[in-house]
Amino acid sequence: MNYKTEPYNELVDSLSKHDIDLDQEVYFVPENIFESKKSSDFVYSETTSDIRKVFRKENVPINYLTEDKPLLRSRKGADWFGPTLLFGFSMLINNPHVIGVSLNLVSSYLYDFFKGKIEDKSVKFEVVVECEKKKEYKKINYEGSVEGIPELEKIIKALKP
């Protein structure tokens with residue numbers, strides 16, 4: 001498992017600029033959140049559609065940051081480029097079990113996604129954790145195998161308040 005954790009406090013201004021308030025859900029973060037003038041221009045990884053279906057099937061609340069119809073970007077390659085998942089402060093405090101459930105759902109989806117493929121099964125995605133309500137965020141850049149994804153739970157829980 002290869003990961004890097006870094007401050008991501010620039011997200012505070014972007015969420016405020018777009019008048020976004022996080023509640024009890026896991027969210028997808030758009031790829032262009034810092035450049036977008038308006039939320040209707042947000043672009044998400046195309047993998048958000050499949051991941052959202054998997055989460056909803058298991059009654060795990062996950063959503064886009066706004067109600068606008070999401071624009072999706074496709075990436076082709078041998079690697080799987082996943083969406084950026086955002087765990088909000090309130091969700092981490094009130095429902096910490098959702099972290100493990102979410103990571104297990106992503107892992108299960110990827111086991112099925114890679115089933116029968118012979119080439120390298122590399123996964124790349126990011127997780128953002130709101131460590132202090134509307135003040136502090138940390139981002140984890142994950143690159144590795146599907147098997148390493150559940151290990152992120154310990155790293156996320158070490159970041160939370």
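Side-chain atoms of Asn32 and Arg73 form no donor-acceptor pair, as typed in the model, at a separation below 3.5 Å. Side-chain N/O atoms of Tyr109 and Asp50 include a donor and acceptor closer than 3.5 Å.
Clustering ILVMFWY residues whenever any of their side-chain heavy atoms sit less than 4.5 angstrom apart, transitively, puts Val128 in the very cluster that holds Ile155. The cluster map of Ile, Leu, Val, Met, Phe, Trp and Tyr, joined by side-chain heavy atoms under 4.5 Å apart, puts Ile62 and Val43 in different clusters. With hydrophobic clusters built from ILVMFWY side chains whose heavy atoms lie under 4.5 angstrom apart, Trp80 shares a cluster with Leu105. Note on Leu152: it clusters hydrophobically with Phe114, by side-chain heavy-atom contacts below 4.5 Å among ILVMFWY residues. A chain of hydrophobic side-chain contacts below 4.5 Å, direct or via other Ile, Leu, Val, Met, Phe, Trp or Tyr residues, connects Phe42 to Leu22.
Side chains of Ile20 and Tyr27 form no contact here, defined as non-hydrogen atoms less than 4.5 Å apart. Taking 4.5 Å as the limit, some side-chain heavy atom of Ile51 sits within range of a side-chain heavy atom of Phe28. A 4.5 Å side-chain heavy-atom check between Glu147 and Leu110 finds every atom pair outside the cut-off. Side-chain atoms of Ser145 and Lys121, non-hydrogen and from C-beta on, never get closer than 4.5 Å to each other. Looking at heavy atoms from C-beta onward, Asn104 lies in side-chain contact with Pro150 at the 4.5 angstrom threshold. Side-chain contact between Asn9 and Glu136 is present, with at least one heavy-atom pair separated by less than 4.5 Å. At a threshold of 4.5 Å between non-hydrogen side-chain atoms, the residues Pro30 and Leu65 count as touching. In this structure, Val26 and Met91 have side chains that are in contact, with non-hydrogen atoms separated by less than 4.5 Å.
The six-membered or imidazole ring of Tyr64 lies near that of Tyr44, with a centre-to-centre distance under 6.0 Å. Aromatic pair Tyr8/Phe34: centroids less than 6.0 angstrom apart. Tyr142 and Tyr3 have their aromatic ring centers separated by at least 6.0 angstrom.
The shortest non-hydrogen separation linking Leu72 to Ser49 is CD1-OG, 3.3 Å. For the pair Glu25 and Pro61, the tightest heavy-atom approach, listed with the atom from each and the gap, is CG-CB, 3.6 Å. Here the shortest heavy-atom pairing between Pro83 and Thr48 reads CB-CG2, 3.4 Å. Taking every heavy atom of both residues into account, Glu143 and Ser122 meet most closely at CG-OG, 4.4 Å. When all heavy atoms are compared, the tightest approach of Glu46 to Ser74 is OE2-OG, 3.1 Å. Looking at every heavy atom in both residues, Val60 comes nearest to Ser102 through CG1-OG, 4.1 Å.
Taken to the nearest 0.5 Å, the CZ atom of Phe89 stands 7.5 Å off from the CD atom of Glu132. Note that the NE2 atom of His18 and the CG atom of Asp68 stand 10.0 Å from one another [nearest 0.5 Å]. The structure places CG of Leu15 at 5.0 Å from CD1 of Ile33, a figure rounded to the nearest 0.5 Å. Distance check, rounded to the nearest 0.5 Å: CG of Asp19 to OG of Ser39 gives 9.5 Å. Put simply, CZ on Arg56 and NZ on Lys53 are 11.5 Å apart, with the number rounded to the nearest 0.5 Å.
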Apply side chain to side chain contact (heavy atoms under 4.5 Å, CB included) to the pair Leu86 and Tyr137, showing each step before the final yes or no. CA-CA 10 Å; Leu86 170 61; Tyr137 293 84; 4.1 Å; yes
Take Ile149 and Phe125, measure what side chain to side chain contact (heavy atoms under 4.5 Å, CB included) needs, and give me the verdict at the end. CA-CA 10 Å; Ile149 293 173; Phe125 71 102; 3.9 Å; yes
Side chain to side chain contact (heavy atoms under 4.5 Å, CB included) between Val54 and Ser108, worked out: CA-CA 9 Å; Val54 169; Ser108 295; over 6 Å; no
I'd like to know whether Asp41 forms a side chain to side chain contact (heavy atoms under 4.5 Å, CB included) with Glu35, so could you lay out the CA-CA distance, the side-chain angles of the two residues, the decisive distance to 0.1 Å, and finally the verdict. CA-CA 9 Å; Asp41 294 334; Glu35 299 85 28; over 6 Å; no
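In this structure, Asp21 pairs ionically with Lys134, as a charged nitrogen and a carboxylate oxygen lie closer than 4.0 Å. The existence of a salt bridge linking Lys138 and Glu6 is excluded, since no basic side-chain nitrogen approaches an acidic carboxylate oxygen closer than 4.0 Å.
Remark: Lys133 NZ is packed, more than 12 non-hydrogen atoms of other residues, nucleotides or ligands lying under 6.0 Å away.
The side chain to side chain donor-acceptor pair (under 3.5 Å) analysis of residues 82-101, with sequence neighbours excluded, yields the pairs Gln24-Asn95, Thr84-Glu126.
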